[in-house]
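Below is one structure, written out as structure tokens; comments come after it.
Along the sequence shown, residues are numbered consecutively beginning with 1. Note that the structure is predicted; figures quoted are calculated from it, not measured.
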Amino acid sequence: MNLAGISTEEMEKLRQICVDEINMYRATLTANMLVPMKRASAAQEECSDRGAQMDGDSGQAHGATKAGLCSKLGLFSENTCPGYPVRGSMTIADALKGCLKQMWAEGEPPVSRAECMQDTAGCFQAHGHYLNMSNPNNKVASCGFYKMKSGAYWMNQDFASR
């Protein structure tokens with residue numbers, strides 16, 4: 001069984017939904033002509049799952065990225081949906097879509113992207129998820145899932161330029 005405790009078939013669907021949702025948002029920026037992201041390789045996705053487990057168990061978002069867990073696979077920037085509960089009629093896909101919507105809603109920063117990325121405690125904290133999702137250099141999205149002991153899901157989206 002995978003780290004999310006779900007079937008392989010459902011995991012495949014979730015990973016594709018993740019990439020499709022990111023691309024749906026990217027497509028709204030027609031002025032930038034962003035190319036759709038490709039889905040990551042199986043090795044990248046497996047590493048994103050391990051990163052979600054590492055972060056979920058520690059309760060620290062982006063810990064796996066800071067530790068360079070998947071850097072050898074080209075994954076360097078990360079968004080995190082930390083500990084999302086899935087109850088009642090809500091599905092993992094619903095939780096993921098809600099999280100991605102919140103990230104996209106951060107919007108374009110009030111300063112240049114470069115300035116915002118330098119201000120890690122201020123601007124990047126407020127707009128970093130959006131910047132990762134809309135970065136024209138990001139060509140690959142690797143979506144990782146982990147079911148925490150609490151039953152909630154930790155979901156990471158890792159990005160690569162190739």
Side-chain angles (χ1 to χ4, degrees), residues 1-28 34 36-107 120 124-135 137-162:
M1 189 60 75
N2 56 46
L3 296 175
I6 59 175
S7 72
T8 301
E9 182 180 311
E10 185 176 354
M11 180 65 85
E12 287 297 309
K13 287 179 184 176
L14 284 170
R15 291 192 204 282
Q16 193 60 53
I17 288 168
C18 180
V19 174
D20 290 346
E21 283 290 302
I22 292 167
N23 284 331
M24 176 192 71
Y25 288 117
R26 286 170 67 93
T28 66
L34 292 174
M37 286 195 201
K38 295 178 184 169
R39 188 169 151 189
S41 70
Q44 288 171 316
E45 290 175 340
E46 182 183 325
C47 196
S48 291
D49 287 342
R50 287 195 323 270
Q53 179 184 26
M54 182 178 164
D55 294 350
D57 286 347
S58 71
Q60 297 296 313
H62 314 296
T65 298
K66 289 176 185 170
L69 180 69
C70 301
S71 61
K72 289 181 182 174
L73 296 172
L75 301 171
F76 293 103
S77 58
E78 179 179 86
N79 289 351
T80 296
C81 303
Y84 271 61
V86 176
R87 297 186 197 103
S89 63
M90 178 182 260
T91 66
I92 302 167
D94 294 334
L96 173 66
K97 288 177 182 182
C99 178
L100 293 173
K101 183 178 182 179
Q102 289 175 334
M103 290 179 187
W104 190 258
E106 292 172 1
T120 56
F124 192 74
Q125 200 66 16
H127 299 275
H129 300 111
Y130 173 87
L131 291 174
N132 284 338
M133 290 171 74
S134 65
N135 185 336
N137 296 320
N138 287 339
K139 308 283 191 236
V140 174
S142 180
C143 303
F145 298 86
Y146 172 61
K147 186 174 185 179
M148 302 166 65
K149 291 179 179 127
S150 68
Y153 285 85
W154 196 283
M155 302 172 282
N156 286 352
Q157 303 84 48
D158 297 298
F159 301 99
S161 60
R162 51 179 169 75

Rounded to the nearest 0.5 Å, what separates atom [atom1] in [X] from atom [atom2] in [Y]?
X: Asp20; Y: Asn23; atom1: CG; atom2: CG; result: 6.5 Å
X: Glu45; Y: Asp158; atom1: CD; atom2: CG; result: 10.5 Å
X: Arg15; Y: Met11; atom1: CZ; atom2: CE; result: 4.5 Å
X: Asn138; Y: Arg26; atom1: CG; atom2: CZ; result: 6.5 Å
X: Ser134; Y: His127; atom1: OG; atom2: NE2; result: 11.0 Å

Using a distance-only test with no angle check, is there a side-chain donor-acceptor pair under 3.5 angstrom linking Asp57 and Tyr146? yes
Indicate whether any N or O donor in one side chain lies under 3.5 Å from an N or O acceptor in the other, for Asp49 and Asn2. no
pair [X]-[Y]: side-chain heavy atoms closer than 4.5 Å:
X: Phe145; Y: Ile92; answer: yes
X: Arg39; Y: Gln16; answer: yes
X: Phe159; Y: Asn137; answer: no

Of the options His129, Met133, Glu21, Met103, which is the one that meets Gln157 in a side chain to side chain contact (heavy atoms under 4.5 Å, CB included)? Met103
Could you pull out the closest heavy-atom pair between [X] and [Y], with the gap in Å?
X: Phe76; Y: Thr65; value: O-CG2, 3.4 Å
X: Ile17; Y: Leu96; value: CG2-CD2, 4.4 Å
X: Ala67; Y: Met54; value: CB-CE, 3.9 Å
X: Gly56; Y: Met148; value: O-CE, 3.6 Å
X: Leu73; Y: Cys47; value: CD1-CB, 3.6 Å
X: Trp104; Y: Tyr130; value: O-CD1, 3.3 Å

Residues Ser48, Leu75; criterion side-chain contact (heavy atoms from CB on, under 4.5 Å); working and verdict: CA-CA 9 Å; Ser48 291; Leu75 301 171; 3.8 Å; yes
Can you list the steps and then say if Asn132 with Glu78 is a side-chain contact (heavy atoms from CB on, under 4.5 Å)? CA-CA 7 Å; Asn132 284 338; Glu78 179 179 86; 5.7 Å; no
Evaluate side-chain contact (heavy atoms from CB on, under 4.5 Å) for Leu14 paired with Met155, printing each intermediate quantity in order. CA-CA 10 Å; Leu14 284 170; Met155 302 172 282; over 6 Å; no
Show, in sequence, the C-alpha distance, side-chain angles and deciding distance for Ser142 and Gln44, and conclude whether the side chain to side chain donor-acceptor pair (under 3.5 Å) test is met. CA-CA 6 Å; Ser142 180; Gln44 288 171 316; 5.6 Å; no
